[in-house]
There are 2 protein chains.
Amino acid sequence: MGNIRATFRSQCDNSHAMDARIPSSNNESPWLPFESRRRARDEKREAVLRTAVALFLEQGYHGATLNEVAKRLNITKPALYNYFRGKDEILYECWSIGNELVDDCIAETSAGGGSGLDKLRKLIVRYAELMTADYGKSLVRFDIHDLSEDNRKIVQTAKRRIDRAFRDYITDGVKDGSVKACDPKLAAFAIAGSLNWIGHWFQPDGELTGRAVAEEFAIRLTEGIAETTTQVTSTRKTTTRKAAAPAAQKADKPPRKGNASREETSEHHARTAADAAGQSKRARSRLR
Amino acid sequence: MGNIRATFRSQCDNSHAMDARIPSSNNESPWLPFESRRRARDEKREAVLRTAVALFLEQGYHGATLNEVAKRLNITKPALYNYFRGKDEILYECWSIGNELVDDCIAETSAGGGSGLDKLRKLIVRYAELMTADYGKSLVRFDIHDLSEDNRKIVQTAKRRIDRAFRDYITDGVKDGSVKACDPKLAAFAIAGSLNWIGHWFQPDGELTGRAVAEEFAIRLTEGIAETTTQVTSTRKTTTRKAAAPAAQKADKPPRKGNASREETSEHHARTAADAAGQSKRARSRLR
DNA sequence: CCCGTATATTACCCATGGGTAAGAAATAGT
DNA sequence: ACTATTTCTTACCCATGGGTAATATACGGG
């Protein structure tokens with residue numbers, strides 16, 4: 001679920017006045033131009049990431065400099081090194097947040113129950129919407145070669161896990177009769193490809209909302225493999241309602257142990273070994 | 001790391017005219033280790049591009065150095081500047097070749113005739129197969145930010161043109177009854193996304209051939225929008241012209257507005273102003 | 001053979017930008 | 001207030017790798 005990382009509380013919530021100087025306009029940096037500081041460390045860390053991911057997407061990882069990132073935050077480059085070991089770690093962390101968001105999607109979807117097709121569509125909707133936002137885009141726009149060796153491995157592992165989710169839902173669907181017989185591998189590739197591509201073309205200021213794209217894609221991408229012809233209104237077809245079994249736990253993620261097949265995956269993503277353990281809390285303030 | 005070794009061997013075994021010696025093993029570089037030269041200029045130019053595109057894909061554009069490119073060709077870095085102005089131009093040329101291949105696909109497909117659906121499928125097959133090879137991959141793996149300003153514009157223009165082809169075929173299909181009513185823009189995005197993604201996951205040494213993927217995708221990606229339920233064997237026809245009454249609105253969630261001017265495109269690609277004229281012959285040996 | 005041109009080599013330049021060192025400014029604790 | 005700690009700044013380092021200059025080698029033609 002949207003854990004703490006959704007800390008969008010404005011930095012103008014200054015209860016006891018004092019430094020009530022509102023930054024000239026925007027809602028970004030917690031660093032007022034070199035004066036009153038003192039805001040939670042994690043909050044600053046996230047501000048760095050927000051700025052970095054936006055800049056990386058805007059100018060490319062190599063086109064964006066740390067000086068520019070710092071400048072947008074009203075600080076200087078070395079200050080960034082209080083929160084990150086280097087540029088590539090910033091890149092990785094951006095990616096990691098996106099990956100956690102995806103993990104949450106998968107967890108929710110798996111917990112939600114329903115037929116294979118139902119789950120597939122739910123995942124598509126959520127995943128697609130992620131791809132319209134910065135952290136989601138980072139999953140598909142950043143180059144794996146720019147990561148450290150270790151992080152690259154993590155990313156590749158996560159790729160496989162996400163691909164696995166798509167394939168599993170499809171396989172489930174074939175079994176429960178909601179999905180036509182097909183090759184789960186290729187079908188997953190096709191679907192993931194369409195979704196990932198959103199991260200390349202979607203523009204927030206366009207005429208389409210992320211939500212609209214997501215819902216359209218949920219139908220479009222499953223039209224070909226859905227066993228029952230999809231009528232407009234019936235998103236919940238699945239005549240063979242498999243007794244909504246596992247509504248059980250809410251948003252807790254099953255460890256989802258990834259086996260190790262040496263196959264290609266339709267994804268790129270990962271997470272740290274740390275949070276690979278379980279919760280996708282964004283509370284790790286590791287460093288140094 | 002001096003290549004002293006290569007430099008001094010030139011005068012040892014000069015059996016003058018007998019430079020028919022086959023390089024130790026591979027089939028790559030026209031430059032035998034600094035001795036008999038004299039091969040067509042264009043051939044060398046293309047050898048540079050072949051090597052460069054492979055290396056860029058392998059290590060990333062920024063991870064690959066010109067020294068490494070040169071080394072693989074048995075030459076030194078400055079020699080590359082006889083054929084290209086700089087690294088970014090090499091990148092662009094790689095991209096450009098891929099783009100020309102796509103253009104050829106579109107040209108052939110358009111010339112072939114058939115229903116909108118037929119053309120769409122033909123394009124999918126050809127395009128998909130391109131995506132399994134190096135130059136095709138370069139279309140979707142290279143970052144537009146690494147290009148010069150001018151080349152970037154060319155690329156973006158070409159993106160739009162390719163996207164246009166997909167949309168046009170879909171629109172044609174809707175008109176001639178071979179394709180269900182749908183939003184051509186989103187449908188094109190979805191299809192192009194799946195196809196472009198091939199460039200990210202396909203491995204030539206995998207279990208699938210490019211051809212197999214291509215044909216599978218041609219069916220899979222059009223299953224949802226084909227008017228006639230596709231029997232695997234019937235790639236042609238459009239028999240049951242389901243009356244123009246096109247399945248009404250199937251999955252209408254969003255406003256579903258028509259087109260617009262300043263839209264996103266589902267592609268990235270381009271070509272030089274030169275060959276934008278017509279033929280995509282590979283004969284331009286421009287430089288300096 | 002000798003020269004001109006194309007092509008390649010060696011040796012070098014140098015801007016860029018990630019990263020570091022040392023110390024100042026702010027904060028928290030006592 | 002004094003000190004310890006964290007955070008941030010100024011001032012620098014320096015490796016990397018794209019790009020250039022000067023020069024050497026091969027070839028083709030006369």
Side-chain angles (χ1 to χ4, degrees), chain A residues 18-19 29-45 47-48 52 55-56 59-71 73-91 146-148 285 287-288, chain B residues 1-12 14-17 19 29-45 47-48 52 55-56 59-71 73-92 146-148 285 287-288:
Chain A
M18 291 309 266
D19 42 5
S29 175
W31 287 275
L32 316 188
F34 187 19
E35 15 195 84
S36 65
R37 290 191 255 91
R38 196 70 318 171
R39 292 184 60 93
R41 180 182 174 82
D42 284 352
E43 217 165 317
K44 292 185 187 171
R45 215 183 118 96
V48 172
L55 197 64
F56 291 168
Q59 307 187 343
Y61 175 69
H62 291 276
T65 70
L66 290 185
N67 275 323
E68 178 67 17
V69 172
K71 193 155 121 188
L73 291 165
N74 297 321
I75 56 177
T76 57
K77 178 178 61 174
L80 297 173
Y81 285 80
N82 281 315
Y83 304 96
F84 304 94
R85 290 179 192 206
K87 195 186 185 187
D88 66 316
E89 185 176 291
I90 295 178
L91 182 73
D146 294 326
L147 295 171
S148 71
S285 46
L287 173 64
R288 204 56 62 91
Chain B
M1 176 64 73
N3 34 7
I4 310 114
R5 42 181 169 64
T7 52
F8 291 153
R9 87 172 53 187
S10 54
Q11 278 143 332
C12 301
N14 46 8
S15 55
H16 61 103
D19 36 337
S29 175
W31 288 274
L32 314 188
F34 188 18
E35 20 197 74
S36 65
R37 288 192 258 91
R38 197 72 318 173
R39 290 180 65 91
R41 179 183 175 82
D42 285 352
E43 214 166 320
K44 293 185 188 171
R45 217 183 116 97
V48 172
L55 197 65
F56 291 169
Q59 308 186 343
Y61 176 68
H62 291 277
T65 70
L66 290 186
N67 275 322
E68 178 68 16
V69 172
K71 193 155 122 189
L73 291 165
N74 298 320
I75 56 175
T76 56
K77 180 178 61 175
L80 298 173
Y81 285 80
N82 281 317
Y83 304 96
F84 303 95
R85 289 175 200 257
K87 195 185 184 187
D88 66 315
E89 185 176 292
I90 294 178
L91 182 74
Y92 171 74
D146 295 325
L147 296 171
S148 70
S285 46
L287 171 64
R288 204 59 61 99

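In what follows, every chain begins at residue 1, and chains take the letters A, B, ... in the order their sequences are listed.
Contact between B:Lys77 and B:Ala70 at its shortest, heavy atoms only, is N-CB, 3.5 Å. Taking all atoms of both residues into account, the shortest heavy-atom contact from A:Asp88 to A:Asp146 is CB-O, 3.6 Å. Smallest separation of non-hydrogen atoms from B:Tyr81 and B:Gly86: CE2-CA, 3.9 Å. Nearest approach of A:Leu66 to A:Leu80, heavy atoms of both residues: O-CD1, 3.7 Å. Nearest heavy atoms, A:Lys87 versus A:Tyr61: NZ-O, 2.8 Å.
One finds the CZ atom of A:Arg41 at 6.0 Å from the OH atom of A:Tyr83 (value rounded to the nearest 0.5 Å). In this structure, A:Ile90 CD1 and A:Phe84 CZ are separated by 5.5 Å, a value rounded to the nearest 0.5 Å.
Whole-Å rounding puts the B:Asn82 CG to D:dA26 C1' distance at 14 Å. Spacing between atom CG of B:Leu80 and atom P of D:dG19 amounts to 11 Å, rounded to whole angstrom units. In this structure, CG of B:Asn67 is placed 9 Å from C1' of D:dG18, rounded to the nearest angstrom. Here the C1' atom of nucleotide D:dT6 and the CZ atom of A:Arg45 are 16 Å apart, to the nearest Å. When the P atom of C:dA6 is taken as reference, atom CG of B:Asp42 falls 15 Å away, rounded to whole Å. Rounded to whole Å, atom P of C:dG17 lies 12 Å from atom NZ of A:Lys71. Distance B:His62 NE2 to C:dG17 P: 11 Å, rounded to the nearest Å. A:Asn74 places its CG atom 18 Å from the P atom of D:dT7, with the value rounded to the nearest Å.
The base of D:dG19 has none of its N or O atoms less than 3.5 Å from a complementary donor or acceptor on the side chain of B:Lys87. Between the side chain of A:Lys77 and the base of C:dG17, no donor-acceptor pair of N or O atoms lies under 3.5 Å.
In this structure, A:Thr76 does not reach the D:dC8 phosphate: none of its side-chain N or O atoms is under 4.0 Å from OP1 or OP2. Between B:Arg41 and C:dA6, a side-chain N or O to OP1/OP2 separation shorter than 4.0 Å is absent. Not one side-chain nitrogen or oxygen of A:Tyr81 sits closer than 4.0 Å to the OP1 or OP2 atom of C:dA21.
If you check C:dA8, C:dG19, D:dG18 against the side chain of A:Leu66, the one that comes closest is C:dG19.
Comparing the local axis fitted to the first five base pairs of the helix from C:dC1-D:dG30 to C:dT30-D:dA1 with the one fitted to its last five gives a bend of 10°, rounded to 10°.
Mapping A:Asp88 and B:Pro78 onto DNA chain C by nearest heavy atom places B:Pro78 closer to the 5' end of the strand.
Using a 4.0 Å heavy-atom criterion, one finds that A:Ala70 contacts no nucleic acid atom at all.
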